[in-house]
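What you see is a predicted model, and the numbers here were worked out from it, not measured in a lab. In each ligand, atom 1 is the first atom listed, and ligand 1 is the first ligand listed. Quick note: residue numbers are just sequence positions, from 1.
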Amino acid sequence: MTQRGSALNFRDFVTELLATGDAVDIRVPVSPTLEVGAVTRRVYDTRSPAPLFGDLTEGAPGFRILGAPAGLSGVPGEPYGRLAAHFGLPRDTTPRDLLEKLVSAMKARPVPPRIVPTGPCKENVLTGDDVDLTRFPVPLLHEQDGGRYFGTYGFHVVRTPDGRWTSWSVSRTMLHGRDTLVGPAMPQQHLGMIHRMWADRGERTPWAMVLGAPPAALAAAGMPLPAEVDESGYVGALTGSPVDVVRTETNGLYVPANSEIVLEGYISPDETAPEGPMGEYHGYAFAESKPQPVFHVEAVTHRDRAVLPVCVAGLPPEENHTIWGTMISATGLDLLRSSGLPVSFAWCSYEAATCWMVVAVDIRRLARTRMTERELADAVAEVLFGSHTGWLVPKVLLVADDIDITDIDQVVWAMATRSHPATGHHVYPDAPGIPMVPYLTEEEVRAGRGGKCVVSCLLPEQFDGVTRGVTASFDNSFPGDVRRHVTAHWADYGFPAADRRGHRP
Ligand SMILES: Cc1cc2nc3c(=O)[nH]c(=O)nc-3n(C[C@H](O)[C@H](O)[C@H](O)COP(=O)(O)O)c2cc1C
């Protein structure tokens with residue numbers, strides 16, 4: 001028996017997408033060399049159903065690829081349907097409800113994983129000379145990429161030498177050889193931190209990579225939970241059920257039992273190889289490769305007819321925005337609320353490519369604090385920029401909570417009409433930050449600091465709890481009986497049914 005449901009079983013997730021019309025079972029032959037990438041990119045752009053490539057022209061027969069697993073959906077009324085399915089939630093779940101669910105699971109008692117003797121990921125076990133990653137249809141995703149990417153939607157599993165903490169984290173891996181991968185393990189990310197602990201002892205880091213993982217586990221692995229927190233326990237709390245895990249064949253780690261593909265082995269303490277370039281989350285592909293750690297694969301286990309999930313990173317919206325951005329929003333919201341600041345919500349707009357977080361400020365509570373704009377900006381910067389979450393977020397926009405910050409149109413309007421060009425930008429040159437942000441100078445990249453700001457889109461009188469103007473809109477400019485009459489008679493005027501704005505796209 002294996003766990004069921006779209007949150008805890010990737011195969012069920014795929015079946016559910018097909019059943020709801022939000023995936024297409026592609027039967028024609030498709031090449032993993034650029035064609036998979038091109039189709040998937042066009043799917044993101046056109047909000048088309050996720051492509052399930054069943055007949056790939058390279059790699060051993062039988063393997064499949066799912067593109068755009070968390071792309072936005074074109075199914076009417078369900079733009080976030082694929083995202084919601086990652087958590088077993090109704091397909092019409094709003095970002096607001098999803099975030100509240102993610103935050104409340106952070107407060108809940110962790111539910112540790114359950115060890116089971118075996119599972120579908122053991123349907124095929126390959127060790128020794130049988131390990132050959134090129135048997136898989138490893139895709140070349142963008143023309144500019146420095147290689148084929150095996151892991152764009154999978155997570156690493158590593159454990160501290162004392163066994164106290166097991167970390168799951170999403171980070172890309174490029175095919176390097178028949179049994180090797182290469183990819184980043186940044187020292188600020190938990191993968192890099194745990195790798196350093198082993199390397200400092202002169203030892204190899206026992207490692208596994210899970211592809212086609214339970215979707216809720218993948219999302220949690222892309223979430224900046226604090227150090228020493230096991231993502232598996234969070235997933236248990238989030239889904240209300242422990243994740244079934246099995247022991248790897250070779251290195252004593254545990255991986256979700258129904259995963260599609262599991263790679264196991266070790267990270268070399270000192271060996272590096274050039275990795276990249278790759279089209280990235282901020283939307284650009286740069287020309288350089290960088291030396292990164294080499295991952296040695298000593299065993300591969302996989303399900304029959306295994307499905308490799310693929311994210312083709314680049315312009316929003318793709319999974320770096322819909323999954324990573326959403327999970328950053330949840331940890332950021334929790335941090336800000338827990339700090340006591342007058343914050344009601346936080347949201348990384350997908351359109352901003354995980355380069356900004358919009359923070360909704362409760363104006364009534366703000367007035368009671370008697371804070372100035374500078375004090376509020378500094379307090380938000382202090383809470384966020386010093387944290388594991390805030391390291392990832394270069395820009396923060398402060399917006400009054402009359403704005404629905406999950407609606408980019410409203411955010412743009414607030415920014416244009418409420419942010420003072422002379423006084424609204426607060427810059428934090430010493431704040432540490434992710435060095436991948438495209439506008440950073442070479443000096444800032446070297447120092448790992450700078451390029452961070454808080455932009456206030458709050459009007460001066462809002463600090464005194466005063467509202468000067470009323471938003472001129474359908475909701476605010478007409479009495480309720482007029483609005484109800486107009487809505488009720490919409491078809492009588494000759495209009496087609498209108499989908500009120502609010503939840504884009
Ligand atoms: C689709 C996707 C791709 C990602 N790619 C990378 C990556 O290549 N490198 C990286 O450091 N983080 C990447 N992330 C973000 C990390 O998974 C995220 O910051 C997470 O918090 C890291 O785990 P940690 O908090 O345990 O360090 C990606 C996230 C997603 C959802």
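- Within the 4.0 Å heavy-atom shell around ligand 1 one does not find M193.
- Residues F155 and M209 fail the side-chain proximity criterion, which asks for heavy atoms closer than 4.5 Å.
- The shortest separation from a heavy atom of T152 to ligand 1 is under 4.0 Å, placing the residue in contact.
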Inset, instruction - Determine, stepwise, if the pair W168 / H156 fulfils side-chain hydrogen bond (donor to acceptor under 3.5 Å, both in side chains). - result: CA-CA 5 Å; W168 291 353; H156 299 269; over 6 Å; no
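- Put simply, the side chain of R204 reaches to within 4.5 Å of the side chain of P269, judged on heavy atoms.
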Inset, instruction - Would you sort out whether D97 and K101 count as a salt bridge (Lys or Arg N to Asp or Glu O under 4.0 Å), showing the intermediate values? - result: CA-CA 6 Å; D97 290 344; K101 167 110 183 145; over 6 Å; no
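- Taking atom 23 (O) of ligand 1 as the reference point, the nearest protein heavy-atom neighbour is S169 CB, 3.2 Å.
- Within ligand 1, counting atoms from 1 as listed, the ones closer than 4.0 Å to a heavy atom of H388 are 24 (P), 25 (O), 27 (O).
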Inset, instruction - Could you please spell out the steps behind the salt bridge (Lys or Arg N to Asp or Glu O under 4.0 Å) verdict for E100 and K107? - result: CA-CA 11 Å; E100 295 297 355; K107 305 289 180 206; over 6 Å; no
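- Checked against a 3.5 angstrom limit, the closest N/O atoms of P184 and ligand 1 fall outside it.
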Inset, instruction - Please assess E275 against H176 for the test side-chain hydrogen bond (donor to acceptor under 3.5 Å, both in side chains), listing each intermediate value before the final yes or no. - result: CA-CA 8 Å; E275 186 262 348; H176 176 247; over 6 Å; no
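- Protein heavy atom closest to atom 14 (N) of ligand 1, with residue, atom name and distance, is V170 O, 3.4 Å.
- Residue nearest to atom 8 (O) of ligand 1, selected from H321, E275, R172, E318: R172 (by heavy-atom distance).
- For atom 2 (C) of ligand 1, the closest non-hydrogen atom on the protein side is N320 OD1, 3.4 Å.
- In M327, neither the side chain nor the backbone holds a heavy atom less than 4.0 Å from any atom of ligand 1.
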Inset, instruction - Run the numbers on T326 and Y350 for side-chain hydrogen bond (donor to acceptor under 3.5 Å, both in side chains), then give the verdict. - result: CA-CA 8 Å; T326 301; Y350 297 163; 2.8 Å; yes
Inset, instruction - Might you work through the salt bridge (Lys or Arg N to Asp or Glu O under 4.0 Å) test for R449 and D430, ending with a clear yes or no? - result: CA-CA 5 Å; R449 288 177 188 278; D430 295 326; over 6 Å; no
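- Under a cutoff of 6.0 Å and an axis angle of 45°, R96 and F345 form a cation-pi pair.
- Side chain of K395 to backbone of K452: no donor-acceptor contact under 3.5 angstrom is found.
- The residue from R11, R64, R305 that alone fulfils the salt bridge (Lys or Arg N to Asp or Glu O under 4.0 Å) condition with E260 is R11.
- Interface atoms of ligand 1 facing P224, defined by a heavy-atom separation under 4.0 Å, are 21 (O), 25 (O).
- Taking every non-hydrogen atom of E231 and a distance limit under 4.0 Å, the qualifying atoms of ligand 1 come out as 26 (O).
- The shortest contact between atom 24 (P) of ligand 1 and any protein heavy atom is with H190 ND1, 3.3 Å.
- The proximity of S167 to ligand 1, defined as any non-hydrogen pair under 4.0 Å, is limited to the side chain.
- With respect to atom 18 (C) of ligand 1, the closest heavy atom belonging to the protein is W324 NE1, 3.3 Å.
- Nearest-residue assignment for atom 20 (C) of ligand 1 (options A221, P226, S171; heavy-atom criterion): A221.
- The M186 neighbourhood of ligand 1 comprises atoms 11 (O), with distances under 4.0 Å to a heavy atom of that residue.
- Both the backbone and the side chain of Q189 come within 4.0 Å of ligand 1, counting heavy atoms alone.
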